[in-house]
Amino acid sequence: MSELRTRFAPSPTGYLHIGGLRTALYSYLYAKKMNGKFILRIEDTDQGRYVDGAVEIIYRTLRETGIMYDEGPDVGGDYGPYIQSERKNEYLFYAEKLVESGHAYYCFCSEERLASLPDINGARRYDKHCLNLSKEEIAERLARGDKYVIRQNMPVTGNSTYHDVVYGDITIENSELEDQILIKSDGMPTYNFANVIDDHLMGINCVMRGIEYLSSTPKYNLLYDAFGWERPVYIHMPPIMKDAQHKLSKRNGDASYEDLIKKGFLKDAIINYIALLGWSPKDDSEKMSFAELQRKFDVSGINKSPSIFDPMKLAWLNSLYIKEMPPESFAEYAKPWLETCYLKDFDKRLVCKLIQSRIETFAEIEDKLRFLVEFGDIDDGLYVNQKQKADAALAKNILPKIKDKLYVLKNWDNQNLFDTLVELSAELDCKKGAVLWIARVALTGLAVTPGGASEIAEILGKEETLRRIDCAIMQLNA
């Protein structure tokens with residue numbers, strides 16, 4: 001094979017879905033692994049599904065994730081244009097060549113006739129009605145301006161076999177192949193035709209795509225054969241499932257890349273996780289940087305079995321990336337979430353220090369730190385901790401003493417606060433954990449919080465800390 005050339009050919013129908021992003025990622029990684037080229041092509045022949053702004057979303061997502069293409073609509077190349085709607089005349093030219101060779105034909109059937117065809121298991125199969133129209137009748141109807149499509153003339157006997165790198169030899173009975181439309185009545189090509197023409201003209205010699213095209217590939221191969229063109233290498237990828245029964249689908253509103261970013265996932269974690277949806281490295285490692293993915297990727301690691309998109313696994317992986325962020329980078333990235341939940345009024349450095357190692361996604365920040373801005377009645381039962389031998393009675397006894405200690409504390413920082421509470425526990429001959437537990441409950445009204453009493457008190461500040469302890473004391477004495 002000459003220089004390896006892979007491609008990603010999305011339709012501009014909205015946000016870039018996880019499955020599409022995986023196709024782009026694998027195609028990119030394989031091209032780079034083989035010192036080849038990765039090409040972006042926009043397949044916009046279905047104008048009815050075109051969404052304004054979707055093309056820019058594709059560009060932006062690929063740029064942000066580092067999946068940079070060597071050729072494409074916005075970077076140029078020797079095989080352009082890289083937008084299908086700008087290649088319309090080429091498709092008609094090649095379709096007419098197929099008509100001349102007998103591998104395609106004009107079809108003038110009305111919608112009413114097509115609707116009258118037998119419905120077999122929910123599908124109406126075309127019956128080659130227009131295949132044997134005479135040249136004279138065809139010329140007359142074309143001259144008259146009759147509406148038509150161009151259909152591929154499929155063989156009706158024998159079978160078609162091809163090899164897929166992942167799934168091995170695939171054989172389809174030719175009798176199962178319908179005479180698919182190549183050129184629609186509006187003059188635009190169908191995806192099934194345009195992708196073959198474009199792949200050949202752009203020198204694409206390795207096609208990587210989802211398993212849903214496994215059974216359609218014989219149709220494409222018949223087109224390659226009809227033109228006398230060399231077939232590409234095929235690498236089909238397993239489906240990404242929502243659960244054991246349902247496929248992850250953009251049409252069902254399942255997550256896109258930008259959805260995940262808005263939910264507080266980091267791009268590096270998203271790409272890392274998507275890479276594992278259908279592929280595994282030889283060393284079975286899970287957390288991998290983009291550079292490591294490029295180094296480790298091999299098509300032999302692509303699985304045949306479906307992969308289930310596990311939000312919990314993604315969140316776990318995301319938490320590892322969050323923990324590794326430099327504090328300054330974490331604070332900058334967390335800024336939108338901190339401002340949204342009014343945490344901007346606190347010392348951002350302290351808030352970020354408290355939360356960075358305790359969240360899996362940035363979207364958790366507001367909920368986990370809500371206690372900093374919301375404080376109300378405390379359930380006496382929260383003071384109970386059997387392991388630390390703490391309860392409401394002990395809290396009622398030691399909270400005034402905690403207040404007195406903190407009231408005279410001059411250096412209000414985590415270490416001094418912690419040391420003061422530990423010293424108090426020694427003076428009271430009380431378990432250290434009991435004092436810290438009671439202080440934390442009194443400051444937050446919660447059984448579980450990110451961080452301990454001294455960290456939280458440092459963020460709240462002296463005035464608010466003492467105010468909350470007063471409120472807790474009053475409630476216990478009520």
Closest approach of E43 and A9, non-hydrogen atoms and distance? OE2-CB, 3.2 Å
4.5 Å side-chain heavy-atom contact, Y79 and L201: no
So does K335 have more than 12 non-hydrogen atoms from other groups sitting under 6.0 Å from NZ? no
Parallel, tilted or perpendicular, judged at 30° and 60°: which one describes the rings of H200 and W229? parallel
So, taking the atom named CZ in F93 and the one named CG in L98, what distance separates them when rounded to the nearest 0.5 Å? 10.5 Å
Between D268 and K287, is the closest basic N to carboxylate O distance under 4.0 Å? no
Under 3.5 Å, is there a donor on one side chain and an acceptor on the other for Y91 and D198? yes
Check whether Y126 forms a cation-pi arrangement with R151 (NZ or CZ under 6.0 Å from the six-membered ring centre, at most 45° off the ring normal). yes
Considering all heavy atoms of both residues, which atom of K282 and which atom of S300 are nearest to each other, and what is their separation? CE-OG, 4.1 Å
CA sep, side-chain torsions, deciding dist, call: D44, S85, side chain to side chain donor-acceptor pair (under 3.5 Å): CA-CA 6 Å; D44 62 344; S85 59; 2.6 Å; yes
Any Lys/Arg nitrogen of K262 or D259 sitting under 4.0 Å from an Asp/Glu carboxylate oxygen of the other? no
Please work out which of the three classes, parallel, tilted or perpendicular, describes the rings of Y213 and Y191, given edges at 30° and 60°. tilted
Looking at E455 and R358, is any side-chain nitrogen of the basic one under 4.0 Å from a carboxylate oxygen of the acidic one? yes
Any side-chain heavy atom of M202 within less than 4.5 Å of one from R7? no
Are E332 and M325 packed together at the side-chain level, in the sense that at least one heavy-atom pair is separated by less than 4.5 angstrom? no
Evaluate side chain to side chain donor-acceptor pair (under 3.5 Å) for H163 paired with D169, printing each intermediate quantity in order. CA-CA 4 Å; H163 182 77; D169 289 341; 2.9 Å; yes
Below 30° counts as parallel, above 60° as perpendicular, anything between as tilted: where do the rings of Y333 and F362 land? tilted
Would you say the rings of F265 and Y321 are close, in the sense that their centroids are separated by under 6.0 Å? no
Kindly compute the distance separating CG (D310) from CE (M241), expressed to the nearest 0.5 Å. 14.0 Å
Are more than 12 heavy atoms, taken from residues, nucleotides or ligands other than K97, located less than 6.0 Å from that residue's NZ atom? no
Salt bridge or not between R41 and D199? Use side-chain N to carboxylate O under 4.0 Å. yes
For Y106 against C130, the heavy-atom pair lying closest together: O-CB, 3.3 Å
Determine whether D127 and R113 satisfy the following criterion, salt bridge (Lys or Arg N to Asp or Glu O under 4.0 Å), listing intermediate values before the conclusion. CA-CA 11 Å; D127 57 0; R113 183 181 184 281; 2.7 Å; yes
Have N192 and T190 got a donor and an acceptor in their side chains that come within less than 3.5 Å? no
Are Y28 and Q294 packed together at the side-chain level, in the sense that at least one heavy-atom pair is separated by less than 4.5 angstrom? yes
Let me confirm one number: the CZ-CZ distance from F108 to R144, rounded to the nearest 0.5 Å. 8.5 Å
Is the shortest heavy-atom distance from the side chain of L177 to the side chain of L222 under 4.5 Å? yes
Tell me, do C107 and H129 make a side-chain contact under 4.5 Å, heavy atoms counted? no
Taking K147 for its side chain and S110 for its backbone only, find out whether a donor-acceptor pair lies under 3.5 Å. no
Do Y234 and V166 touch side chain to side chain, with heavy atoms closer than 4.5 Å? no
Does the side chain of I170 come within less than 4.5 Å of T217's, by heavy atoms? no
In terms of relative ring orientation, are Y69 and Y59 parallel, tilted or perpendicular, with 30° and 60° separating the classes? tilted
Drop me the distance from Q84's CD to N195's CG, to the nearest 0.5 angstrom. 7.5 Å
Value for CD1 (I274) from CG (L25), rounded to nearest 0.5 Å, stands at 7.5 Å
Least distance between heavy atoms, S285 atom then L276 atom: O-CD2, 4.2 Å
Can we say K88 and D186 salt-bridge, meaning some charged N sits less than 4.0 Å from an Asp/Glu carboxylate O? no
I'd like to know if R63 and E56 make a salt bridge, using a cut-off of under 4.0 Å between side-chain N and carboxylate O. yes
Give the ring-plane orientation class for F297 versus W279, where under 30° counts as parallel, over 60° as perpendicular and anything between as tilted. tilted
Please round to the nearest 0.5 Å and tell me the distance separating atom OG of S280 and atom CG of D298. 10.5 Å
So does P81 get a backbone contact from the side chain of R87, meaning a donor-acceptor N/O pair under 3.5 Å? yes
Are there more than 12 heavy atoms of other residues, nucleotides or ligands under 6.0 Å from atom CG of D119? yes
